Amino acid sequence: MRSHLLNDRTAGTYRRTVTAGVEHIAARLAHADRPFTGITPPALAPVVDAVDLDHPLGDADAALAELDRLYLRDAVYFHHPRYLAHLNCPVVIPAVLGEAVLAAVNSSLDTWDQSAGATLIERRLVDWTTARIGLGPAADGVFTSGGTQSNLHALLLAREEACDGVRKQRGAGLRTPEILPRLRILASAHGHFSVRKAAVLLGLGEEAVVEVPCDAERRMRPDALAAALAGLQRDGLVPMAVVATAGTTDFGSVDPLPQIAGLCAGYGVWLHVDAAYGCGLLVSGRRRHLLAGIERADSVTVDFHKAFFQPVSSSAVLVRDRATLRHATYHADYLNPERMAAEQIPNQVDKSLQTTRRFDALKLWLTLRVMGADGVGRLFDEVCDLAGAGWRLLDADPRFEVVVRPQLSTLVFRYVPGAAAGPSGTGPDPADPALTDPDLVDAANLYAREQLAASGAALVAGTKVDGRHHLKFTLLNPETTTEDLAAVLDLIAEYAAAYTGESLVPDVPAASAVPTR
Ligand SMILES: *Cc1c(COP(=O)(O)O)cnc(C)c1O
């Protein structure tokens with residue numbers, strides 16, 4: 001069994017094993033003609049269940065061949081240009097190299113004595129990111145597992161700062177549990193659900209999140225925020241944080257950061273900017289101005305695994321004032337005794353919610369060292385351009401209704417029955433009121449999305465707008481073309497029309513509608 005340990009004597013096995021894996025994946029990637037095979041849980045679960053975990057295969061080649069049947073053959077491939085569903089990006093090769101290096105060396109980023117140079121590299125990248133944001137000389141931060149953790153972390157710091165503020169005003173003897181019921185978090189209706197989850201984890205309850213209304217572009221309305229803040233003050237409640245979103249998950253809308261920052265400064269409220277998606281703008285050559293005002297944040301979430309073409313996980317939470325990170329500092333004799341801080345030995349565990357932690361920063365480091373920030377920014381600009389072109393397609397197409405013109409790279413739209421009946425007059429009457437029944441429209445869009453996924457020809461996401469089912473393209477692949485978007489829209493229209501009965505060739509079986517690509 002020792003032959004499986006990676007060490008000086010097994011370097012040859014390591015090289016052969018990992019190279020075989022890389023060859024296998026390279027072939028898979030090269031031959032993926034669709035983003036998905038459309039396999040269903042009932043079809044795949046028995047194959048996975050049938051594996052006897054107590055009877056090892058003993059050999060990596062055999063395990064890889066088995067894995068191919070269980071996973072690789074039917075995986076969802078984000079690199080495929082017709083993967084248009086969630087905020088998953090194709091990854092850049094320097095970052096994948098980083099992933100391979102970090103797994104093999106296996107540094108842990110909690111303390112210097114488990115990481116050495118890795119800690120310094122992560123610190124440089126935190127500084128690089130805070131400088132891009134413009135957070136100022138006292139800024140700091142730490143890498144996290146994702147935007148959910150970054151938001152939780154930022155809101156923990158905000159909570160502790162708010163508690164300190166209340167104690168200063170009302171008496172140092174007040175205990176945290178006495179203060180928590182009065183704390184409120186303000187976020188727009190389009191803010192990420194992880195904010196509500198964080199409120200629960202932080203002991204505030206979901207009710208502590210006050211939803212601030214948005215404008216037609218799905219951006220937080222500053223007048224509504226002002227009213228909400230004034231209301232809290234009137235009621236003797238404490239606004240603990242305002243969460244502005246720079247790139248909402250559904251619409252990619254960027255809240256008006258300068259106005260929000262002004263209000264936060266006026267009320268002395270912590271401003272957290274959730275830029276999990278919009279962080280790509282930090283390196284954009286043409287759209288950086290969309291983030292104007294982010295430099296006034298107290299904390300910022302960035303997800304490199306969304307907009308920087310990094311493999312999962314790679315995220316960070318950044319703060320304006322490094323002193324606030326102390327709220328996550330606890331000491332253990334075995335790990336980070338207080339004398340270490342006195343000796344100025346660099347240590348990241350004092351800033352993190354995690355203890356043992358991956359060297360995810362390495363992926364971004366190699367990306368920047370190979371491609372540079374401008375290179376990443378160009379790719380992000382390309383997907384935003386593509387979304388603009390997609391919006392023009394949709395806007396000009398009577399078969400579809402598109403909700404807002406995108407600021408970033410998502411498109412939310414839906415099929416509207418009627419137009420597909422065509423001018424020939426051979427189909428059903430486009431003015432037929434049965435075709436405009438909202439439940440039918442919902443069902444047709446849902447059906448089109450499901451059929452498309454079952455065919456595997458393309459994957460699109462779904463969401464609700466004003467309670468009604470819509471479809472969503474999340475564009476993060478610069479390889480996707482407007483022709484891809486047009487072809488997928490045709491497929492959606494075909495499926496939806498088959499559902500509503502508009503189709504001249506009713507109920508085409510899914511498989512026959514799949515183009516071979
Ligand atoms: C994706 C997303 C998150 C959550 O990030 P994870 O990395 O998935 O945990 C938070 N906020 C916004 C705006 C997001 O789009």
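Fair warning: this is a prediction, and the values are worked out from it, not measured in the lab. When a residue number appears, it is its place in the shown sequence, counting from 1. Note that ligands are numbered from 1 as they come in the structure, with each ligand's atoms numbered from 1 the same way.
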Name the closest protein heavy atom to atom 14 (C) of ligand 1, giving the residue it belongs to and the distance to 0.1 Å.
Lys306 NZ, 2.9 Å
Where the side chain of Asn347 meets the backbone of Asp350, is there a donor-acceptor pair that is under 3.5 Å apart?
yes
Any atoms of ligand 1 less than 4.0 Å from a non-hydrogen atom of Asp303? List them with their elements.
5 (O), 6 (P), 7 (O)
Judging by distance only, is a nitrogen or oxygen of Thr245 under 3.5 angstrom from one on ligand 1?
no
Electrostatic pair Asp140-Arg123, nearest N-O below 4.0 angstrom
no
Of the side chain and backbone of Asp274, name the one, both, or neither that has a heavy atom under 4.0 Å from an atom of ligand 1.
side chain
Looking only at heavy atoms, is any part of Thr301 under 4.0 Å from ligand 1, and if so is it the side chain, the backbone, or both, or is it neither?
neither
Got a salt bridge between Arg218 and Asp215, using NZ or NE/NH1/NH2 to carboxylate O under 4.0 Å?
no
In this structure, does ligand 1 have an atom that sits under 4.0 Å from one of the heavy atoms of Ala275?
no
Any residue meeting ring-ring contact (aromatic ring centres under 6.0 Å, His included) with Phe473, in chain and number order, not counting sequence neighbours
Phe413
Mutual orientation of the aromatic rings belonging to Tyr83 and Phe78 [parallel < 30°, tilted 30-60°, perpendicular > 60°]:
tilted
Subset of ligand 1 atoms that lie under 4.0 Å from at least one heavy atom of Thr249:
12 (C), 13 (C), 14 (C), 15 (O)
Considering non-hydrogen atoms of the protein only, which is the closest contact for atom 6 (P) of ligand 1, and what is the distance?
Gly147 N, 3.3 Å
Tell me, with the steps shown, if Arg287 and Asp381 meet salt bridge (Lys or Arg N to Asp or Glu O under 4.0 Å).
CA-CA 7 Å; Arg287 292 178 174 82; Asp381 270 331; 2.7 Å; yes
For the rings on Phe143 and Phe304, is their centre-to-centre separation under 6.0 Å?
yes
For Gly247, the atoms of ligand 1 under 4.0 Å from one of its heavy atoms are 13 (C)
Nearest protein heavy atom to atom 9 (O) of ligand 1, by residue and atom, and its distance?
Thr148 OG1, 2.7 Å
How many angstroms lie between atom CD of Glu122 and atom CG of Leu125, to the nearest 0.5 angstrom?
8.0 Å
Within the structure, is a non-hydrogen atom of Gln149 found at a distance of less than 4.0 Å from ligand 1?
no
Would Tyr277 count as a polar contact of ligand 1, with the cut-off being nitrogen or oxygen pairs under 3.5 Å?
no
Enumerate the residue pairs fulfilling side chain to side chain donor-acceptor pair (under 3.5 Å) with a member in residues 261-276, sequence neighbours excluded, ordered by first and then second residue.
Asn151-His272, Asn151-Asp274, Trp270-Ser299, His272-Ser299, His272-Thr301
Answer side chain, backbone, both or neither: which part of Leu87 comes under 4.0 Å from ligand 1, heavy atoms only.
side chain
